[in-house]
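Input: a single structure, listed below in structure tokens.
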Number of protein chains: 2
Amino acid sequence: MRSSNVTLKSIADRLNVSVTTVSRVLNGKSDRYRISKETQELINTAAKELSYSPNQLARGLRLKRTNTIGYIIPDISNPFFSSIAKNVEKSARKLGYSILLCDSEEDTKIEENLLQLMIDRKVDGLIISPVGLEVNHLRRIAQKNIPIVLLDRYFPELNLPFVTSDNYKGALEAVNMLIEHGHKRIACIQGLVNTSPNNDRVRGYIDAHKTHELSVDKKLIVGDSFGEENGYIETKLLLKQDDPPTALFAVSNLISLGAIRAISEEGLKIPDDISMVSFDDQPYSRFLSTPMTTVSQQNSQIGQIAIKLLIDQIESNRQLEPKGIFLPTRLISRDSVKRNINLGIKAIG
Amino acid sequence: MRSSNVTLKSIADRLNVSVTTVSRVLNGKSDRYRISKETQELINTAAKELSYSPNQLARGLRLKRTNTIGYIIPDISNPFFSSIAKNVEKSARKLGYSILLCDSEEDTKIEENLLQLMIDRKVDGLIISPVGLEVNHLRRIAQKNIPIVLLDRYFPELNLPFVTSDNYKGALEAVNMLIEHGHKRIACIQGLVNTSPNNDRVRGYIDAHKTHELSVDKKLIVGDSFGEENGYIETKLLLKQDDPPTALFAVSNLISLGAIRAISEEGLKIPDDISMVSFDDQPYSRFLSTPMTTVSQQNSQIGQIAIKLLIDQIESNRQLEPKGIFLPTRLISRDSVKRNINLGIKAIG
DNA sequence: ATGAAAGCGCTAACAG
DNA sequence: CTGTTAGCGCTTTCAT
């Protein structure tokens with residue numbers, strides 16, 4: 001029951017023409033094949049009347065082209081990813097592509113299955129924010145010459161185009177600022193370890209110390225996930241240390257939410273008792289009980305650029321010489337950082 | 001270049017058997033067709049060796065079944081929708097379905113096109129959070145007997161299954177509480193007018209007044225979109241009124257963010273100068289400068305139930321007797337509501 | 001226990 | 001100016 005089934009054939013039969021002709025007219029190739037005005041008329045009106053619409057499955061099978069893009073994200077409910085997803089979908093749609101969306105739940109195994117699933121569904125290309133701990137499944141894709149663009153997370157050792165924020169510089173700038181405000185014990189609550197955004201941000205954190213000839217206390221680099229829970233737990237522990245940090249560098253928006261929870265539970269105040277800066281600006285960041293100083297990423301550009309890169313690749317039918325694109329971040333100063341008076345001699349700003 | 005193309009045929013040729021046999025074995029129908037153990041072996045190993053994986057386009061064309069669900073949302077970057085999307089995708093994936101995701105940008109025209117696009121792609125069913133102002137395109141779908149479930153927004157006049165929060169009761173409870181705290185001039189900043197969640201919430205707002213034999217000042221019901229901007233603008237205007245409200249009922253999380261911005265710009269404090277309660281709890285709600293009293297919805301259940309309902313419909317191959325499911329909300333009290341001392345005589349809690 | 005053939009709906013090569 | 005034919009990769013009916 002469930003089908004309308006107006007096909008090229010049904011139109012052809014009804015008008016006593018061949019499916020070829022119908023196909024040609026309906027695909028705007030009337031001129032190239034010099035189809036008579038009358039048959040054009042006939043076919044067009046019939047198609048409209050029956051509200052014909054081509055079966056994209058059949059079309060895709062024949063053409064080896066589906067106009068759909070596979071999109072794999074580690075967590076669509078994370079506002080960072082969903083704001084990017086918005087622009088990925090929108091840009092794709094404007095260029096005539098649809099999005100097959102899957103969530104890998106930060107699980108490499110799931111990601112791997114999803115990848116196969118998308119290949120089987122014959123997507124024209126892939127945008128993926130990989131979990132980032134394993135490369136081999138991605139390398140396999142690359143070898144199959146399926147157009148692909150990595151988003152947010154990349155692999156230095158892998159020759160694939162990617163677009164991401166300049167996480168290193170963003171972190172460097174943020175931690176520099178903290179140090180210049182007199183902080184010497186700055187904790188870094190990291191996300192998923194060995195993931196490029198994480199590594200780059202931690203590297204920025206460390207280099208900021210080096211620049212200021214400050215040693216890094218390894219015990220102050222903690223955590224292992226981009227989630228809220230991680231921020232909460234690690235902050236709890238940090239605050240219990242013998243020599244607790246005077247400032248916190250939270251590597252993601254969710255981490256900082258967890259950190260805030262822990263800090264307030266301990267009856268402490270930001271920035272009076274502890275200063276804080278967080279990666280990822282969010283619409284609510286400025287309205288938090290202490291408006292948060294953040295490192296803001298260009299979420300809308302990231303998605304757009306990734307799609308453009310990918311569709312270029314698809315439509316030019318050539319492998320892109322793989323290049324990585326780093327987008328600059330912006331440090332947004334609000335109220336969560338205070339000069340550290342204990343030792344804060346060097347006045348600033 | 002771009003293809004591996006291990007097909008049933010290529011396996012069949014290599015082993016000198018028919019594609020039929022290969023198909024049967026690989027689909028686990030060996031027993032039913034009494035395929036010999038040897039050929040089974042042969043085929044299975046060959047398939048593994050070549051890492052065969054069926055072309056889902058071909059399969060879908062033949063079977064008229066794609067195991068994909070079309071999902072249309074008005075704004076994936078809205079954390080309310082993205083948290084639902086998380087569970088829609090996850091539940092679908094667990095049951096063997098993929099999600100074709102599109103964003104209608106709260107635009108009926110786009111929504112209509114998207115609907116056709118999904119039908120052409122032969123999705124097995126549809127989950128849609130419709131814009132909600134127009135019904136006809138949805139009615140048309142219903143008539144085509146394509147399984148569909150409405151999410152968040154529904155149409156009383158339309159016989160389609162839906163799942164949504166009990167917006168009426170949620171609003172009723174919230175505004176009741178405000179009134180019982182002595183507020184008599186409560187503004188309601190609404191979302192997209194004539195949309196079911198909006199209408200139900202506004203109705204709750206009005207009925208709360210009726211219950212307490214309080215008249216409703218129409219000038220206090222303002223706004224026209226679920227976005228942040230709307231919250232900002234309307235709050236600005238409200239605060240300039242001759243007899244400004246002592247409390248605000250914001251119909252969405254984004255609206256409340258806008259309202260907060262306006263309130264703080266005017267140098268006012270929540271709840272000292274104005275009380276506030278907002279629909280939609282978010283992870284950050286408790287950390288706002290004034291922890292926000294909210295009406296919390298069961299986002300994860302909503303998505304799950306919608307998918308279950310839809311897949312039931314798909315796999316039972318029958319139209320569901322369309323029923324609407326309303327999920328209860330929960331009022332989370334925090335610090336954004338204060339007893340109104342001006343006239344607040346009736347003490348409470 | 002296995003295969004041949006038809007067909008899902010479409011496009012393209014070739015033919016006139 | 002139009003049509004015939006083949007085929008994309010798969011499943012299923014009907015035969016044997």
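Here is how names work: the chains are called A, B, and so on, in the same order as the sequence lines, proteins then strands, and each is numbered from 1.
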(Q) Under 4.0 Å, heavy atom to any atom of DNA chain C: which of residues 9-23 of chain A qualify? (A)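 Residues of residues 9-23 of chain A that come under 4.0 Å of DNA chain C are, in numerical order, A/T20, A/S23.
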Q | N or O in side chain of B/K29 less than 4.0 angstrom from D/dT12 OP1/OP2 | A |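 True: B/K29 side-chain N/O within range (under 4.0 Å) of D/dT12 OP1/OP2.
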Q: Answer yes or no: does a side-chain N or O of A/S36 lie under 4.0 Å from OP1 or OP2 of D/dT2?
A: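 For D/dT2, OP1/OP2 do have a side-chain N/O of A/S36 under 4.0 Å.
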Q. Does the pair A/D312/A/K308 count as a salt bridge with the N-to-O cut at 4.0 Å?
A.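 A salt bridge is absent here (no side-chain N lies under 4.0 Å from a carboxylate O).
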Q: For the pair A/E106 and A/R153, find out whether any cationic side-chain nitrogen is under 4.0 Å from an anionic carboxylate oxygen.
A: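 Salt bridge flag = yes for A/R153 with A/E106.
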Take atom [atom1] of [X] and atom [atom2] of [N], then tell me their distance rounded to the nearest Å.
X: A/Y33; N: D/dT4; atom1: OH; atom2: P; result: 16 Å
X: B/N5; N: D/dG9; atom1: CG; atom2: C1'; result: 9 Å
X: A/N67; N: C/dC10; atom1: CG; atom2: P; result: 16 Å
X: A/R65; N: D/dG9; atom1: CZ; atom2: C1'; result: 20 Å
X: A/E38; N: D/dC1; atom1: CD; atom2: P; result: 9 Å
X: B/L61; N: D/dG7; atom1: CG; atom2: C1'; result: 12 Å
X: B/K64; N: D/dC10; atom1: NZ; atom2: P; result: 17 Å
X: B/K37; N: C/dA1; atom1: NZ; atom2: P; result: 11 Å

Q.
Pair B/E315, B/R65 - check salt bridge (Lys or Arg N to Asp or Glu O under 4.0 Å), show working.
A. CA-CA 10 Å; B/E315 302 197 336; B/R65 216 159 165 305; 3.7 Å; yes
Donor-acceptor pair, side chain of [X] and main chain of [Y], under 3.5 angstrom:
X: A/E89; Y: B/D103; answer: yes
X: B/Q301; Y: B/L327; answer: no
X: B/N78; Y: B/F80; answer: yes

(Q) Can you list, in residue-number order, the parts of residues 50-60 of chain B that come under 4.0 Å of DNA chain D, counting heavy atoms only? (A)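 Going residue by residue through residues 50-60 of chain B, the ones with a heavy atom under 4.0 Å of DNA chain D turn out to be B/Y52, B/P54, B/N55, B/A58, B/R59.
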(Q) What I'd like to find out is whether the side chain of B/H137 reaches to under 4.5 Å of the side chain of B/K109, using heavy atoms alone. (A)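 The answer is no, as the side chains (C-beta and beyond) never meet within the 4.5 Å cut-off.
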Q: Look at the aromatic rings of B/F162 and B/F326 and report parallel, tilted or perpendicular, splitting at 30° and 60°.
A: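 Plane angle over 60°, so perpendicular.
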**Q.** Ring center gap for A/F81 and A/Y71 short of 6.0 angstrom
**A.**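 No.
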**Q.** Base of D/dT13 paired with side chain of B/R24 (donor-acceptor, under 3.5 Å)
**A.**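 Yes, the side chain and the base share a sub-3.5 Å donor-acceptor pair.
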Q) What is the bend of the helix from C/dA1-D/dT16 to C/dG16-D/dC1 when you compare the axis at one end with the axis at the other, using five pairs each and rounding to 10°? A)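 The angle, to the nearest 10 degrees, is 50°.
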Q. Do B/S129 and B/D152 have side-chain N/O donor and acceptor atoms under 3.5 Å apart?
A.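 Checked: B/S129/B/D152 side chains show no N/O donor-acceptor pair below 3.5 Å.
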Q: Taking atom NZ of B/K90 as the centre, report whether more than 12 heavy atoms of other residues, nucleotides or ligands fall under 6.0 Å from it.
A: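 No, not enclosed.
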Q. Which pair of non-hydrogen atoms, one from A/R121 and one from B/T66, has the smallest distance, and what is that distance?
A.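 Answer, listing the atom of A/R121 first, then B/T66: NH2-O, 3.0 Å.
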(Q) Measuring from the side chain of B/R34 (C-beta onward, heavy atoms only), which nucleotide among C/dA1, D/dG9, D/dA6 has the closest atom? (A)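 Closest nucleotide among those given: C/dA1.
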**Q.** Shortest side-chain distance from A/L63, nucleotide among D/dC1, C/dT2, C/dA12
**A.**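 Given the options D/dC1, C/dT2, C/dA12, the side chain of A/L63 is closest to C/dA12.
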